[in-house]
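Taking it in order: structure first as structure tokens, then the write-up.
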Number of protein chains: 4
Amino acid sequence: MEKESPDRRIQRTRKVLHAALIELILEKGFDKVTVQDVIQRANVGRSTFYSHYKDIEDLFLSGFENLWSLFEQHLTGQSVEKAGVWDLSLVVFQHAQSYTGVYRALVGKQGGNLMSTHMHKYLSALMRETLKDQWDASKQVPLEIVVHHLASSLIALLTWWVEHDLPYPPERMNAIFQQLTQPAIESMLA
Amino acid sequence: MEKESPDRRIQRTRKVLHAALIELILEKGFDKVTVQDVIQRANVGRSTFYSHYKDIEDLFLSGFENLWSLFEQHLTGQSVEKAGVWDLSLVVFQHAQSYTGVYRALVGKQGGNLMSTHMHKYLSALMRETLKDQWDASKQVPLEIVVHHLASSLIALLTWWVEHDLPYPPERMNAIFQQLTQPAIESMLA
Amino acid sequence: MEKESPDRRIQRTRKVLHAALIELILEKGFDKVTVQDVIQRANVGRSTFYSHYKDIEDLFLSGFENLWSLFEQHLTGQSVEKAGVWDLSLVVFQHAQSYTGVYRALVGKQGGNLMSTHMHKYLSALMRETLKDQWDASKQVPLEIVVHHLASSLIALLTWWVEHDLPYPPERMNAIFQQLTQPAIESMLA
Amino acid sequence: MEKESPDRRIQRTRKVLHAALIELILEKGFDKVTVQDVIQRANVGRSTFYSHYKDIEDLFLSGFENLWSLFEQHLTGQSVEKAGVWDLSLVVFQHAQSYTGVYRALVGKQGGNLMSTHMHKYLSALMRETLKDQWDASKQVPLEIVVHHLASSLIALLTWWVEHDLPYPPERMNAIFQQLTQPAIESMLA
DNA sequence: TCCTAAGCGAGACGGTACGTCTTGTCTTCCA
DNA sequence: TGGAAGACAAGACGTACCGTCTCGCTTAGGA
């Protein structure tokens, strides 16, 4: 018996494509990976690839979405509802540690800066939520800029951390992030 | 008179190549620009291109080096010898305003994040110089990370500014940068 | 119905490539024909060309092989088993008349002397077969030279004929070939 | 002293170009030799080449013309005025032996069949002169064809001889040529 | 004796073709 | 019926030559 339902085959195909992509990014960086490479490594037909994804960037982003939804589960799963910016960032560092391999492939130079763009978008949204009630238009620095700054800083720090092979534990990294950003925020809120 | 020495021809060729590249990046982003496009726009032979530059990235970086050397002239030309981090950043914003067109092409998404990498490298070096004497190993946050953070933040802010069509004057941007980063640095030095 | 199997597509592609090559050779001579020309005329992708043939010479020779295998069918189809040199040459002239267009492209200057080389090789082999039993080592002229001479003469005559637009019928040409070559052979065999 | 007149410089340049071409043809065959190769080997500037010759074929033919004028001196120098076809052919074989190196480069495959075409033209003209008085229109084989045949045969034999490293002396080769062609001519003249 | 014109090397240049590589589309075949 | 297989048109890649075009250097033969 042991038949395989169509859906399961589809899931399987997507999984091997993602896995192949991660492998190849780690080997030579996202920019150098071609569709050719991926389908060969994944042992998948050319047309099969294109029936699932528009192009290689689409595959990449789909992988990132998966990762992000795991991150969101991690987030709601373990912290109190109304978390602050630095609760959020802690989860980011912890999550990155849990999935070191994947992060190494996606973050920074290897990931072709593609992930940074998307992660920035999602992170900004979350951070805006945590800050928007404490902020009013009279502040000297627009909320938009502050959020942009915090997201960028977190990603920059994360990238540094991953590319240096996680030399400190997540909690230490988060403490650093806090030391680097909190004083400015506090003084503005004062 | 008006003869053209070999050297001048070479300079001319490089100039039209740079100009063509900038134009094309502004039109469709660095990642979409091909060598084909550039030589066609610049009216330059294919082999001529390759006799000057290894590939399109090489052309891009050569353009960036030009820009950076202008920046360095700007820097030494107008500030006192021992400038601080926020004197430096002010010059960055001013320089970007002077060359809005070029910066628009090179910075951020349009520039394919290529410039960010190199600018980060150069900025970090300059910033490390201004900070290294005030820092000692006992600090909670390593100098390396602080410098990485400052350079990343400045570039992120610069990118935001340019991509939003310079909504504030350079001085205002630098004040914002200072408000976002100085408190943390001060409290660490205290 | 009217489905097209992969194999049929391949055959079709090769056919249009051959046809395009013949056309172009007739227009400007083999030496001037580029791969670019051929694929443009045949409406075929560049890489498709190279997936079928190593280079333009390969395409040319593949066309020649086709022609030669037709010739061999013609040969065994209509003559008695043990044909002599001048039975063979008659078939050559007849075959050239049947495929005037192709021969015009391949033979002589237009064909870049490429076909001559290969045709010489094949013709020599056939002629050696018809002569080798009647020859012995004591002859004043080595068999190798005689065969070389006969093949060269036949090709030269054929070239002249085709380049002068077939002014005589094949039988007349063969009679001429016989008058030019047979007396010497006879006198040697005597 | 030893000044060099302009004319002598020109002669010298042409000579080194010819020499370089011959060397290169012997090394890799005419078809593979580029202008680039020649000027590099001859240590001559690119524009200098083009001020002397239209292209590489022009250089080749100029070399052939030199050789041919040597041949004509050889011809008138040593034979009686009204020579027959086989006196002519003997001189051809002798001349080839005297200039083995050059012939090896020009004749046959190495020479890209270019020389054959021109030599055929010149030889035909000479042979037509020796035969035209003995021929009348009533002959079964047109003079034009006979001449074409004789010239082609001689060149084919010469090519064979040179490409096989001159295994026989010139006189023997000429005797063979005579045996292969004379009987037919005699029987036609009878 | 100067100087002017020519021969030359060097090599930048716009162009064209090469043979390779990758893309995204499409069709057939098999399980 | 979905996926593997792979042919295909399209077009960019980096390389190799082409033939044209300056440019300076050298060196002669006439002023």
Side-chain angles (χ1 to χ4, degrees), chain A residues 3-7 9-10 12-13 32-39 42-56, chain B residues 3-14 16 32-40 42-56, chain C residues 3-14 33-40 42-56, chain D residues 3-14 16 33-40 42-56:
Chain A
K3 292 298 178 60
E4 206 180 8
S5 88
D7 276 17
R9 291 181 73 190
I10 291 179
R12 215 193 67 81
T13 297
K32 298 274 176 57
V33 178
T34 71
V35 173
Q36 210 75 264
D37 294 333
V38 174
I39 64 180
N43 219 354
V44 146
R46 191 165 188 72
S47 41
T48 307
F49 178 95
Y50 283 103
S51 72
H52 287 291
Y53 302 103
K54 202 170 73 55
D55 52 26
I56 212 174
Chain B
K3 292 298 177 61
E4 204 179 9
S5 88
D7 276 17
R8 291 204 66 68
R9 291 183 76 191
I10 292 180
Q11 293 316 313
R12 213 193 69 81
T13 297
R14 299 197 169 174
V16 296
K32 299 277 176 54
V33 178
T34 70
V35 172
Q36 206 70 256
D37 293 334
V38 174
I39 64 180
Q40 188 161 339
N43 216 357
V44 148
R46 192 167 187 73
S47 39
T48 304
F49 177 94
Y50 284 104
S51 76
H52 288 288
Y53 302 102
K54 204 174 69 58
D55 52 26
I56 213 174
Chain C
K3 295 299 178 59
E4 205 180 8
S5 88
D7 276 16
R8 291 204 67 67
R9 291 182 75 189
I10 293 180
Q11 292 318 312
R12 212 191 70 80
T13 297
R14 299 196 169 175
V33 178
T34 71
V35 172
Q36 206 73 257
D37 294 334
V38 173
I39 63 180
Q40 187 160 340
N43 217 356
V44 147
R46 192 165 187 73
S47 40
T48 304
F49 178 94
Y50 284 102
S51 75
H52 288 289
Y53 302 102
K54 203 173 72 57
D55 52 25
I56 213 173
Chain D
K3 292 302 175 59
E4 206 179 9
S5 87
D7 276 16
R8 290 205 63 69
R9 292 181 72 192
I10 293 180
Q11 293 317 312
R12 214 193 68 81
T13 297
R14 297 195 171 175
V16 296
V33 178
T34 71
V35 172
Q36 209 74 262
D37 293 333
V38 174
I39 64 180
Q40 186 161 342
N43 216 356
V44 147
R46 192 166 187 72
S47 40
T48 305
F49 178 95
Y50 284 103
S51 73
H52 288 289
Y53 303 103
K54 204 172 70 56
D55 51 27
I56 211 173

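Chain letters run A, B, ... following the sequence lines, proteins first and then strands; every chain starts at 1. Computed from a prediction, not measured in an experiment: that's the story for all the values here.
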Quick one: [X] [atom1] to [N] [atom2], roughly how many Å, whole number?
| X | N | atom1 | atom2 | answer |
| --- | --- | --- | --- | --- |
| D:Arg8 | F:dG29 | CZ | C1' | 17 Å |
| D:Arg9 | E:dA5 | CZ | P | 17 Å |
| C:Asn43 | F:dA7 | CG | C1' | 15 Å |
| C:Gln40 | F:dA9 | CD | P | 13 Å |
| D:Tyr53 | F:dC17 | OH | P | 22 Å |
| D:Ile39 | E:dG7 | CD1 | C1' | 16 Å |

**Asked** Within the pair C:His52 and F:dC8, is there a side-chain N or O less than 4.0 Å away from OP1 or OP2?
**Response** yes

**Asked** Within less than 4.0 Å of OP1 or OP2 of E:dG9, is there a side-chain N or O belonging to D:Thr48?
**Response** yes

**Message:** side-chain contact (heavy atoms from CB on, under 4.5 Å) for D:Ile10 and D:Thr13? Distances and angles first, verdict last.
**Reply:** CA-CA 5 Å; D:Ile10 293 180; D:Thr13 297; 5.8 Å; no

How close do [X] and [Y] get, heavy atom to heavy atom, and via which atoms?
| X | Y | result |
| --- | --- | --- |
| C:Ile56 | C:Val35 | CD1-N, 3.9 Å |
| D:Ala42 | D:Val16 | CB-O, 3.8 Å |
| A:Asp37 | A:Lys32 | OD2-O, 3.7 Å |

**Request:** Mind checking the CG-CD spacing from B:Asn43 to B:Gln40? Nearest 0.5 Å is all I need.
**Result:** 9.0 Å

Which donor-acceptor pairs under 3.5 Å do side chains of residues 47-54 of chain C form with protein atoms, sequence neighbours excluded?
residue: C:Ser51; atom: OG; partner: C:Thr48; partner atom: O; Å: 2.8
residue: C:His52; atom: ND1; partner: C:Arg14; partner atom: NE; Å: 3.2
residue: C:His52; atom: ND1; partner: C:Arg14; partner atom: NH2; Å: 3.4

**Prompt:** Where along nucleotides 18-23 of chain E does protein come under 4.0 Å, by heavy atom, of base (B) or sugar-phosphate alone (S), with - for untouched nucleotides?
**Reply:** BBBBBB

